[in-house]
Amino acid sequence: MDVVASKDRLRAVDLAATVGISVQQVRNYVEQGVLPPVRRTASGYRIFTTEHGRALTVARRLAEGHGWTRTREIMAAVHGGDLPAALAALDAGHAELDRERAEIRRVLGAFETVLAGPPAARPAPRRAARIGEVAALVGVRTSQLRLWEQRELLRPRRTPGTNYRVYDEAELRAAQVIALLRRGAYPFEIIEAVLGELRTTGSPQRVRAELARREQELHARSLRRLRGSAALHDYLRGRDEAGRPTAATRPAGGSCWLGSGT
């Protein structure tokens, strides 16, 4: 059995201090597989090395981009010798961003369609419209309006006593947006997202600006995720398929480098 030289050992308190966490958190990371397994001295003390410092730095960088839940999954798979599982979890994280980016672009495209569409028709002043009037103004059958209501895309009020559907100006505009986007072959999930944004802001222009802001934030998240993946790649280069450090990276004396963890 290899013996770690005393000069290569790290105290748990020093390891924790490098990234500003508690000693208990370091122990938790070992139990969760975020850090490699530790050996113990004859008296039962845990033996931490620069390898644990490297793993902690990589985990923190991964968490910046992928979040701690996925980071724990990835690092535990690496240290458990299951590289395919680690890579699958990593790929799933990048795929999530790809789906989110595609969704933002589709919704943005839908808003471009709304903004380029005809101006909103309006019912008679100071009066809510009945379902037949709305159908005529929008250019669809009343059955379509009922279907959209069943899908919770429209929210008409009901009159007391008669229970007739009545559409205020906002619901009439929503019906026109739905009809416009359906003619453009947009799926209902995109239309639902568009209506949700419109009901929140009330302005297609403001929604378009907000979605553009979200797209920029997504780019920043993508870069953080890429940096985390690059850090993991460097870490894997120094480990074998069973998740153990290779001879080239195994502690063998000299100074201890832990990185900043930021």
Side-chain angles (χ1 to χ4, degrees), residues 65-67 70 88-159 163-226:
H66 293 267
R70 179 162 284 116
L90 196 72
D91 290 345
H94 289 288
E96 285 173 1
L97 290 185
D98 181 63
R99 288 193 296 271
E100 189 173 344
R101 181 175 285 105
E103 181 77 2
I104 289 175
R105 287 177 177 171
R106 285 195 293 171
V107 175
L108 272 170
F111 270 104
E112 294 300 332
T113 300
V114 171
L115 290 169
R122 298 178 182 274
R126 302 180 182 275
R127 182 175 66 82
R130 297 270 292 273
I131 188 169
E133 295 173 282
V134 173
L137 286 165
V138 174
V140 299
R141 297 175 181 273
T142 56
S143 58
Q144 282 295 103
L145 296 178
R146 294 189 182 96
L147 173 63
W148 297 342
E149 183 182 347
Q150 289 173 7
R151 289 180 171 271
E152 300 183 347
L153 298 174
L154 291 177
R155 306 168 185 174
R157 292 185 295 106
R158 296 279 186 157
T159 58
N163 206 34
Y164 289 139
R165 294 174 175 85
V166 289
Y167 299 74
D168 60 18
E169 192 170 331
E171 288 307 299
L172 172 58
R173 177 58 174 159
Q176 290 172 320
V177 168
I178 297 169
L180 182 65
L181 295 180
R182 287 301 289 166
R183 285 194 288 270
Y186 283 96
F188 280 114
E189 58 267 23
I190 296 299
I191 296 173
E192 183 178 4
V194 169
L195 290 177
E197 296 288 352
L198 276 175
R199 285 191 166 109
T200 299
T201 68
S203 166
Q205 290 85 351
R206 288 177 59 189
V207 172
R208 183 172 60 175
E210 172 62 18
L211 288 171
R213 185 196 65 78
R214 291 185 198 174
E215 191 171 34
Q216 289 302 312
E217 194 274 336
L218 183 63
H219 294 338
R221 286 166 52 201
S222 185
L223 287 173
R224 290 196 299 270
R225 199 158 289 193
L226 182 62

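We use all heavy atoms of the structure for the numbers below, so side chains are in, but hydrogens, waters and symmetry mates are not. As the structure is a computational prediction, the values presented were derived from the model and not from experiment.
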Next on the checklist: Can you give me the closest heavy-atom contact between Val138 and Arg183, atom names plus distance?
Outcome noted: O-NH1, 3.9 Å
Checklist outcome for this item: Value for CG (Leu97) from CG (Leu223), rounded to nearest 0.5 Å, stands at 10.0 Å
Checklist outcome for this item: With sequence neighbours left out, the residues meeting side chain to side chain contact (heavy atoms under 4.5 Å, CB included) with Glu192 are Leu153
Contacts table for residues 143-152: side-chain donor-acceptor under 3.5 angstrom, sequence neighbours left out:
| unit_1 | atom_1 | unit_2 | atom_2 | d |
| --- | --- | --- | --- | --- |
| Arg146 | NH1 | Thr142 | OG1 | 3.3 |
| Glu149 | OE1 | Arg165 | NE | 2.5 |

Checklist entry - Nearest 0.5 Å, what's the CG-CZ distance between Leu198 and Arg173? => result 7.5 Å
Checklist outcome for this item: For Arg155, the side chain to side chain contact (heavy atoms under 4.5 Å, CB included) test, sequence neighbours excluded, returns Glu171, Arg199
Checklist entry - Can you name the residues that form a side chain to side chain donor-acceptor pair (under 3.5 Å) with Arg213, not counting sequence neighbours? => result Glu210
Next on the checklist: Checking Ser222 now: which residues fulfil side chain to side chain donor-acceptor pair (under 3.5 Å) with it, not counting sequence neighbours?
Outcome noted: none
Checklist entry - Does Arg157 make a cation-pi contact with Tyr164, if we ask for NZ or CZ under 6.0 Å from the ring centre and within 45° of the axis? => result no
Item to check | Least distance between heavy atoms, Ala175 atom then Leu154 atom | outcome: N-CD2, 3.6 Å
Next on the checklist: Just to verify, what does His94 make a ring-ring contact (aromatic ring centres under 6.0 Å, His included) with, not counting sequence neighbours?
Outcome noted: His66
Checklist outcome for this item: Here the gap from Leu181 atom CG to Gln176 atom CD, rounded to the nearest 0.5 Å, amounts to 12.0 Å
Checklist entry - Quick one: is the NZ or CZ of Arg130 closer than 6.0 Å to the six-membered ring centre of Tyr167, and within 45° of its axis? => result no
Item to check | side chain to side chain contact (heavy atoms under 4.5 Å, CB included) partners for Leu226, two or more places apart | outcome: none
Next on the checklist: Let me confirm one number: the CG-CD1 distance from Leu218 to Ile104, rounded to the nearest 0.5 Å.
Outcome noted: 5.0 Å
Item to check | side chain to side chain contact (heavy atoms under 4.5 Å, CB included) against Glu96, all qualifying residues, sequence neighbours excluded | outcome: Arg70, Arg99, Arg225
Item to check | Partners meeting side chain to side chain donor-acceptor pair (under 3.5 Å) with Glu189 (sequence neighbours left out) | outcome: none
Checklist entry - Got more than 12 heavy atoms from elsewhere within 6.0 Å of CZ, Arg158? => result yes
Checklist entry - Is any side-chain N of the basic residue among Arg221 and Glu100 closer than 4.0 Å to the acidic one's carboxylate O? => result yes
